[in-house]
Amino acid sequence: MKYFFLSEGWAVGRIWTVGGLWSETAWRRAPDIEKMNLCILDKNERMWLHRVEEAVLMVEIYPTAEAQKSVSSQNIGNVVLTRLINSEKVLEYLCTTSAICQIS
């Protein structure tokens, strides 16, 4: 599995795999993406941990209408995450960050 942190108010868009964009027709299913029960609070920003299947290479994210209201994300249309991390990196980050970890 691979992981990434996603700020609250952002959503997952398109997904890429080795063959290009994820095709639900070709794969006969949607990609396995799960929002975990773990978030990090850093400078009043809540970032949720998400788990994706190994076949996923890149994830496009975009701010929701609610997030667009904040000044910090008004000029951002979308972002493509190309460096998904493994579980060891997640634990390393959680152990070394000065942010507060919250499990809900």
Side-chain angles (χ1 to χ4, degrees):
M1 291 301 216
K2 296 178 183 177
Y3 300 86
F4 64 94
F5 287 96
L6 184 59
S7 292
E8 197 164 76
W10 285 69
V12 174
R14 296 177 294 175
I15 306 295
W16 283 267
T17 186
V18 173
L21 277 174
W22 186 281
S23 169
E24 288 189 23
T25 305
W27 284 82
R28 298 182 187 204
R29 62 179 177 83
D32 183 19
I33 300 174
E34 181 183 355
K35 180 179 176 181
M36 306 299 288
N37 237 6
L38 178 74
C39 72
I40 294 175
L41 300 174
D42 188 16
K43 298 178 187 167
N44 296 327
E45 185 175 12
R46 192 177 298 240
M47 297 182 297
W48 290 93
L49 181 65
H50 287 69
R51 178 175 61 194
V52 296
E53 63 183 274
E54 196 65 37
V56 173
L57 293 180
M58 297 185 295
V59 177
E60 176 190 50
I61 59 170
Y62 60 90
T64 60
E66 181 181 305
Q68 284 287 352
K69 294 176 187 174
S70 81
V71 176
S72 63
S73 64
Q74 274 184 336
N75 297 326
I76 301 174
N78 65 353
V79 177
V80 176
L81 304 177
T82 59
R83 293 189 181 180
L84 304 176
I85 58 178
N86 62 24
S87 57
E88 291 173 358
K89 291 289 183 187
V90 170
L91 290 173
E92 183 179 311
Y93 182 73
L94 292 174
C95 292
T96 60
T97 186
S98 61
I100 299 169
C101 181
Q102 176 182 341
I103 298 175
S104 58

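Only a predicted model underlies this, so the values are computations on that prediction, with no experimental measurement involved.
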task: Please report the shortest heavy-atom distance between Asn86 and Tyr3, naming the atom on each side.
output: C-CD1, 3.9 Å

- request: Indicate if Met58 and Trp22 have the same hydrophobic cluster label, given that clusters are the connected sets of ILVMFWY residues with side-chain heavy-atom separations under 4.5 angstrom.
  value: no

Shortest non-hydrogen separation from Trp27 to Ala55 and the atoms involved: CH2-CB, 3.7 Å

Flag side-chain contact, heavy atom, 4.5 Å: Phe4 against Val12: yes

message: To the nearest 0.5 Å, what is the distance between CE on Met36 and CG on Leu6?
response: 14.0 Å

message: If we ignore hydrogens and angles and just use 3.5 Å, is the side chain of Lys2 paired with the main-chain N or O of Val56 as donor and acceptor?
response: yes

message: With a 3.5 Å distance limit and no angle check, can you tell me whether Asp42 reaches the backbone of Glu45 through a side-chain donor-acceptor pair?
response: no

- request: Applying salt bridge (Lys or Arg N to Asp or Glu O under 4.0 Å), name anything that partners Glu60, two or more places apart in sequence or on another chain.
  value: Arg14

statement: Hits for side chain to side chain donor-acceptor pair (under 3.5 Å) against Arg29, two or more places apart or cross-chain, chain-then-number order -> Glu53

- request: Using atom types as modelled and distance alone, determine if a side-chain donor or acceptor of Thr64 lies under 3.5 Å from a backbone N or O of Gly9.
  value: yes

message: I'd like to know if Ile40 and Val90 are part of one continuous hydrophobic network [Ile/Leu/Val/Met/Phe/Trp/Tyr, side-chain heavy atoms within less than 4.5 Å].
response: yes

- prompt: Can you hop from Ile33 to Tyr62 via hydrophobic side chains spaced under 4.5 Å?
  reply: no

statement: Sorted by chain and number, sequence neighbours left out, side chain to side chain donor-acceptor pair (under 3.5 Å) with Thr17 holds for none

- prompt: OG/Ser7 to CZ/Arg46 distance, rounded to the nearest 0.5 angstrom?
  reply: 11.5 Å

- request: Any chance you could measure Leu57, atom CG, to Leu21, atom CG, to the nearest 0.5 Å?
  value: 11.5 Å

Shared hydrophobic cluster, Ile85 / Leu94 (ILVMFWY, side-chain heavy atoms < 4.5 Å): yes

Spacing of Leu38 atom CG and Met47 atom CE [to the nearest 0.5 Å]: 10.5 Å

- prompt: From Glu54 CD over to Met1 CE, what is the distance, rounded to the nearest 0.5 angstrom?
  reply: 8.5 Å

Gap between atom CG of Leu84 and atom CZ of Arg51 - 0.5 Å precision: 14.0 Å

task: Mind telling me whether Phe5 and Tyr93 have parallel, tilted or perpendicular rings, with 30° and 60° as the class edges?
output: tilted

